[in-house]
Visitor: 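Let me give you the structure first, and then I'll get to my questions.
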Amino acid sequence: MPDVDPVRNPYAPGAGQRPPELAGRGRELEVFDVVLERVARGRPERSLMLTGLRGVGKTVLLNTLRSQAINRLWGTGKIEARPDQSVRRPVAAALHMAVRELAPHHRAPDRVDAFLGVLKAFALRSNASNAKLRERWQPGIDGPAASGRADSGDIEIDLVELFTDAATVATDVGTGIALFIDEMQDLAPTDVSALCAACHELSQLGAPLIVVGAGLPHLPAVLSAAKSYSERLFRYQRIDRLDRIAADQALGAPAQREGVEYEQKALDVLYEQSGGYPYFVQAYGKATWDHAPRSPITAADVRVAAPDAEAELAVGFFGSRFERATPAEREYMRAMATLATEGPDADGQDMDAAVPTAEIARALGRKPASLSPARDALIKKGLIYSGERGTVAFTVPHFGRYLRTQP
Ligand SMILES: Nc1ncnc2c1ncn2[C@@H]1O[C@H](COP(=O)(O)OP(=O)(O)O)[C@@H](O)[C@H]1O
Ligand SMILES: [Mg+2]
């Protein structure tokens, strides 16, 4: 029987870490292929928005979709939205990257240069109050900035013009441009509005530029608060935990490539512990591999390794997030965690169901209004979200369970 070599451990727990096997996302990849093909042909198509809890694999999927676009010779760029940061510069940098990818296929370099001039003007047109910062920052485009396009200072007007011009460059080479936006729920409301308007305009023109977003479950609410038509503009895909077959594949396929196998019972226990959440699948898989002496890996190996995986998650996945909260916010989350036990999902799996904010107030003996600042801060920090009015839920799977085990 072959040994299980820790050096060859294939699993990859960690935010944005590419998994050794992208399991259970076949449908999303197929849908995106069709989107790319349709958009390149000027057919009307909605942009994709991936939504889901933390650790379900949105970033990894977004990166895979990006590769898919690159394989079709599309120009691509990616940004990660941050609270309190305007999209102007990140979008400029991402589109710069995208157009650089397209430039070698373009027959008229002067048209590319003309676009870069517009891009530079767009990038340089940031807050006048930030004059110092503006001087220091250069978009890395050698030519002169153009004027009169995408430089009005109104982000909505400017994005529409910039995207339209970028799409023209893509049309010239017969492909398209895809702009990927991770953590999209963190965009400022004016930027969300502007992006929706730009996507709306482009889809009406049949211009080959799409925005592909990823964000927490309340992303649809964020978008429709900005523009009511956003529901028709985007195609939402809920990214969720893996089903049993996909989870087994996520563990089994990389192991098989190393000549290692799992006993069926080992996979049973692994699924019980991970709940099929991709981050947990990787974490338990990794710890189990490190502990297992030889193939096939057994249920006992999984059980011995579990405390290690939990300790790792407590620090890297749960603890790092909990530490971002103030004492008042922690108290709020603890009350949430206690109440969340009482509302398991229909399938009994997810113990961290949404909790009515009124109940949290009651449990803490406070007036609901007095807890609004804590709630809003936690939403802003991305620790909780409000999917339905008057309720909140954790953005991190099993977070309630984790808090209940903490003294
Ligand atoms: N389809 C998948 N199959 C197996 N593992 C996955 C899959 N998607 C993501 N992972 C793993 O899950 C973890 C979290 O992925 P990430 O993309 O950062 O999630 P999110 O962006 O939703 O928080 C990473 O360790 C990654 O390797
Ligand atoms: Mg992510």
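In each ligand, atom 1 is the first atom listed, and ligand 1 is the first ligand listed.
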Visitor: For atom 22 (O) of ligand 1, which of E28, K58, E183, Q282 has the closest heavy atom?
Guide: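 That would be K58.
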
Visitor: By number and element, which atoms of ligand 1 are closer than 4.0 Å to a non-hydrogen atom of E21?
Guide: 3 (N), 4 (C)

Visitor: Using a strict 4.0 Å threshold on nitrogen-to-oxygen distance, state whether R54 and E183 make a salt bridge.
Guide: yes

Visitor: I'd like to know if D158 and R125 make a salt bridge, using a cut-off of under 4.0 Å between side-chain N and carboxylate O.
Guide: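 Answer for the salt bridge query: no.
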
Visitor: In the protein, which heavy atom is nearest to atom 23 (O) of ligand 1, and how far is it?
Guide: G55 N, 2.7 Å

Visitor: Flag G14 as yes when one of its N or O atoms lies below 3.5 Å from any N or O atom of ligand 1, and as no otherwise.
Guide: yes

Visitor: Could you pull out all residues at least two apart from R72 that satisfy salt bridge (Lys or Arg N to Asp or Glu O under 4.0 Å)?
Guide: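 Listed in chain order: D33, E37.
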
Visitor: If we set the cut-off at 4.0 Å for heavy atoms, which region of P278 has an atom near ligand 1: side chain, backbone, both, or neither?
Guide: both

Visitor: Which heavy atom of A123 sits nearest a heavy atom of R88, and at what distance?
Guide: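 Looking at all heavy atoms of both residues, the closest pair is O-CD, 4.3 Å.
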
Visitor: Determine the interplanar angle of the H200 and Y229 rings, folded into 0 to 90°, and report it as parallel if under 30°, tilted if 30 to 60°, perpendicular if over 60°.
Guide: parallel

Visitor: If you measure from the Lys or Arg side-chain nitrogens to the Asp or Glu carboxylate oxygens, is any gap between E312 and K286 under 4.0 Å?
Guide: no

Visitor: Do you know the tightest heavy-atom contact between A121 and R149?
Guide: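 Closest approach of A121 to R149, heavy atoms only: CB-O, 4.4 Å.
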
Visitor: Which one holds for R25 and ligand 1: side chain close, backbone close, both close, or neither close, with close meaning a heavy atom under 4.0 Å?
Guide: side chain

Visitor: Return yes when V281 approaches ligand 1 closer than 4.0 angstrom through a heavy atom, no otherwise.
Guide: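 No, V281 has no heavy atom closer than 4.0 Å to ligand 1.
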
Visitor: Of all the non-hydrogen atoms in the protein, which one sits nearest to atom 1 (N) of ligand 1, and at what distance?
Guide: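 Checking every protein heavy atom, the shortest distance to atom 1 (N) of ligand 1 gives A23 O, 2.8 Å.
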
Visitor: Considering only protein heavy atoms, which is closest to atom 17 (O) of ligand 1, and at what distance to one decimal place?
Guide: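 The protein heavy atom lying closest is V60 N, 2.8 Å.
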
Visitor: So is L61 polar-close to ligand 1, meaning N/O to N/O under 3.5 Å?
Guide: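 No; the residue has no nitrogen or oxygen that sits under 3.5 Å from a nitrogen or oxygen of the ligand.
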
Visitor: Has ligand 1 got any nitrogen or oxygen that is less than 3.5 angstrom from a nitrogen or oxygen of G57?
Guide: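 In this structure, G57 places an N or O atom under 3.5 Å from an N or O of ligand 1.
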
Visitor: So if I count the atoms of ligand 1 from 1 in the order they appear, which ones are less than 4.0 Å from some heavy atom of G16?
Guide: 16 (P), 18 (O)

Visitor: Find all atoms of ligand 1 within a distance of less than 4.0 Å from any non-hydrogen atom belonging to L53, and give their numbers and elements.
Guide: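 Reading through ligand 1 atom by atom, the close ones are 22 (O).
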
Visitor: Is K380 paired with D84 through a side-chain N to carboxylate O contact shorter than 4.0 Å?
Guide: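 Salt bridge present between D84 and K380.
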
Visitor: So, regarding T59 and ligand 1 (criterion: nitrogen or oxygen to nitrogen or oxygen, under 3.5 Å), is there a contact or not?
Guide: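 Indeed, backbone or side chain, T59 has an N or O that close.
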
Visitor: Mark up the atoms of ligand 1 that fall under 4.0 Å of a heavy atom belonging to R54, in ascending order.
Guide: 23 (O)

Visitor: Before you tell me yes or no, could you show the steps for L53 and F394 under side-chain contact (heavy atoms from CB on, under 4.5 Å), namely the whole-Å CA-CA distance, both residues' side-chain angles and the distance that decides it to 0.1 Å?
Guide: CA-CA 8 Å; L53 298 175; F394 291 114; over 6 Å; no

Visitor: Take a 6.0 Å sphere around CG of N71 and say whether it holds more than 12 heavy atoms from other residues, nucleotides or ligands.
Guide: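 For N71, atom CG is crowded (more than 12 foreign heavy atoms under 6.0 Å).
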
Visitor: Could you tell me, atom by atom, which parts of ligand 1 come under 4.0 Å of a heavy atom of Q17?
Guide: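 The list of qualifying atoms is 24 (C), 26 (C), 27 (O).
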
Visitor: At a 4.0 Å threshold, what atoms of ligand 1 neighbour a non-hydrogen atom of A15?
Guide: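 Heavy-atom distances to A15 below 4.0 Å select 18 (O).
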
Visitor: So, does A12 sit close enough to ligand 1 that a heavy atom of it is under 4.0 Å from the ligand?
Guide: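 In this structure, A12 qualifies as a contact of ligand 1 - some heavy atom is under 4.0 Å.
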
Visitor: Apply side-chain contact (heavy atoms from CB on, under 4.5 Å) to the pair R27 and V31, showing each step before the final yes or no.
Guide: CA-CA 6 Å; R27 219 186 77 78; V31 165; 4.1 Å; yes

Visitor: Output side-chain donor-acceptor pairs under 3.5 Å for residues 261-269, partner residues at least two apart or in another chain, one line each.
Guide:
from : atom 1 : to   : atom 2 : distance (Å)
Y262 : OH     : Y11  : OH     : 2.7
D268 : OD1    : R244 : NH1    : 3.1
D268 : OD1    : R244 : NH2    : 2.9

Visitor: Look at atom 14 (C) of ligand 1 and say which protein heavy atom is nearest, naming residue and atom and giving the distance to 0.1 Å.
Guide: Y279 CD1, 3.7 Å

